[in-house]
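First the structure, in the form of structure tokens, and then the observations on it.
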Amino acid sequence: MQTHPRGAGIDGAEAVAEAILYEGYLLYPYRRSSGKNRVRWQFGVLVPPAWADAHGLADSTVAGSAESPWQQTECLMEVPDTAVVRIRVRFLHLQRRVVEERTVDGLYRSVDRKDAGSRTELSFDEAVEQEFEIEASVGDLRSGRRLDIRVPGGEDIEQLADDGGEPVGRVVRRRSPLSASVTVSAVPCQAPFRLLRLRIHVENTDGTTPADSPRDEALRCCLLATHTLASVSQGRFLSLLDPPEWAAPAARECRNVHTFPVLAGEVGTADVLLSSPIILYDHPQIAPESPGDLHDATEIDEILSLRTLTLTDAEKQEVRATDPRAEAILDRVDAMPPEVFARLHGAVRTLEPVRRDGGITATSRQWWEPGADAGIAPESDTVLVGGVLLSRGSRVRLRPRKRGTDAHDMFLEGRTARVEQVLLDVDGSRFLAVTVDDDPGADLHQWYGRLRHFRPEEVEPLAGEAEAP
């Protein structure tokens with residue numbers, strides 16, 4: 001079994017984990033007044049159990065529920081009993097920032113906004129990073145390990161003064177206590193080879209939040225953006241998205257609730273796992289061209305940066321008053337040199353091989369380029385499915401696989417679609433490129449060539465399609 005330096009893997013995966021921690025924390029245009037920044041904390045929210053009961057969230061199977069008092073990760077490991085498992089649980093702790101104005105009698109009263117010379121402060125919620133670790137041998141985890149988390153409340157006060165140095169107010173940051181538990185265990189799986197199922201159960205154990213509290217108040221005692229990193233000192237984790245065939249039955253038995261475990265770290269390694277409240281692929285990476293987090297990994301850095309530059313002076317003043325992280329984004333974008341913007345416009349990951357012919361440099365035509373192989377014609381090729389020969393224009397019903405495919409395809413289950421191309425992969429596998437019938441952007445996707453791809457076994461020919469002779 002391959003041995004990796006202890007701890008190096010987890011630290012190497014923290015760039016992606018950091019993006020998850022602050023995903024949606026504050027969205028462009030990064031102003032408090034923006035509607036999208038008035039309802040926050042959307043991912044990995046572990047709520048107090050009594051509050052969950054009162055709001056029908058205690059049952060983790062509630063359809064559409066993104067909040068729960070607990071989350072559970074189950075994954076597969078090929079490791080010896082002597083291997084050390086390191087678990088790192090990370091989340092945000094809500095910090096309520098209240099601006100207070102100094103009155104004439106020297107007391108303070110809460111206000112929504114306060115100008116202090118050239119500086120403006122707004123009342124707004126912030127967050128403090130928290131992380132806790134469990135480390136144990138696989139042998140010890142067979143009997144289970146539990147970590148009780150206690151995060152004390154606190155209060156920090158920052159004085160505000162005018163340009164002359166006279167006190168005019170203060171900023172008070174308050175945090176409520178948090179309590180949670182992390183339970184870790186490892187049990188053998190039924191498989192032809194040695195295989196263990198690792199379970200990580202993270203639960204909010206707060207008992208102070210009244211059940212009838214509004215969400216805004218309950219958030220004070222919630223774990224926000226909760227996610228888990230795990231590493232093994234020997235052996236490997238198995239991918240649940242694409243497990244080896246012999247481990248597929250065990251992978252299907254893994255129960256993951258409000259979290260999605262994937263392999264993390266460098267491609268080709270398997271000693272680190274990231275369990276995220278956001279669906280990811282194995283080995284997610286931050287683009288090396290990205291100069292910093294914009295709190296919206298579903299957007300394009302170039303677009304967000306250019307939009308940020310278009311903010312008016314008044315809007316930028318509000319951004320700076322809203323949140324220190326928003327101010328840092330604004331400062332970074334304002335100071336971004338042209339060469340960094342140029343990198344954001346696009347990147348070439350690999351270069352096409354070249355050859356010299358008679359002293360003239362020319363690119364050689366590659367097998368994957370359109371038209372390189374006259375025997376491959378996606379617009380007219382056919383594939384046999386259920387006794388029906390499908391080609392461009394055929395109509396099918398989508399039945400995506402449950403494992404080993406794009407997780408977002410599950411939302412297309414049962415929808416009908418039109419075949420646009422029949423594709424041949426490098427390993428000889430056929431794929432159908434389709435547009436979904438009730439997709440309002442289908443015509444645009446077809447024009448751009450942004451099609452959805454399915455294997456022949458993931459579609460059913462619709463009635464009326466001609467059977468193969």
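Quantities reported herein were computed from a predicted structural model and do not represent experimental measurements.
- A salt bridge between Arg170 and Glu158 is absent, with no side-chain N of the basic residue lying under 4.0 Å from a carboxylate O of the acidic one.
- For the pair Leu390/Val388, a side-chain contact is recorded, criterion being any heavy-atom separation below 4.5 Å from C-beta on.
- Judged purely by atom type and a 3.5 angstrom limit, Arg418 has no side-chain atom pairing as donor or acceptor with the backbone of Asp437.
- Side chain of Arg150 to main chain of Pro177: no donor-acceptor pair is present (N/O by atom type, distance under 3.5 Å, no hydrogens or angles).
- Summarising the geometry, atom CG belonging to Asp409 is positioned 4.0 Å from atom CZ belonging to Phe454; distances are rounded to the nearest 0.5 Å.
- For the pair Phe260/Leu240, no side-chain contact is recorded, criterion being any heavy-atom separation below 4.5 Å from C-beta on.
- Note that the CG atom of Leu263 and the CG atom of Leu273 stand 6.5 Å from one another [nearest 0.5 Å].
- Counting heavy atoms of neighbouring residues, nucleotides and ligands inside a 6.0 Å radius, atom CD of Gln190 does not exceed 12 of them.
- Test Thr183, Leu147, Val89 against Ile134 for side chain to side chain contact (heavy atoms under 4.5 Å, CB included) and you get one pass: Leu147.
- Look at Arg320 and Asp331 and you find a salt bridge, because one of the NZ, NE, NH1 or NH2 atoms lies within 4.0 Å of a carboxylate O, short of that distance.
- Here the straight-line distance linking atom OG of Ser233 with atom CZ of Arg86 works out to 11.0 Å at 0.5 Å rounding.
- Contact check for Ile286 versus Val16: side-chain heavy atoms found under the 4.5 Å cut-off.
- Ring-plane geometry between Trp51 and His55 is classed as parallel, the angle between the planes falling under 30 degrees on a 0 to 90 degree scale with a further cut at 60.
- Aromatic pair His295/Tyr25: ring centres closer than 6.0 Å.
- Taking CD from Glu302 and CZ from Arg343, the interatomic distance works out to 12.5 Å, rounded to the nearest 0.5 Å.
- The two atoms that bring Val459 and Val385 nearest to each other are O-CG1, 3.8 Å, heavy atoms only.
- The CG atom of Leu432 sits 11.5 Å away from atom CZ of Arg455, with the distance rounded to the nearest 0.5 Å.
- One finds the CZ atom of Arg194 at 11.0 Å from the SG atom of Cys189 (value rounded to the nearest 0.5 Å).
- Thr259 and Ser275 are linked by a side-chain donor-acceptor pair at a separation below 3.5 angstrom, with hydrogens and angles left out of the test.
- Within the 4.5 Å cutoff, the side chain of Asp381 has no heavy atoms near those of the Leu424 side chain.
- Around CZ of Arg142, the count of heavy atoms belonging to other residues, nucleotides or ligands within 6.0 Å exceeds 12.
- In this structure, Asp301 contributes its side chain and Leu344 its backbone to no donor-acceptor pair below 3.5 Å.
- No hydrogens or angles considered: nothing links the side chains of Asp242 and Ser239 as a donor-acceptor pair under 3.5 Å.
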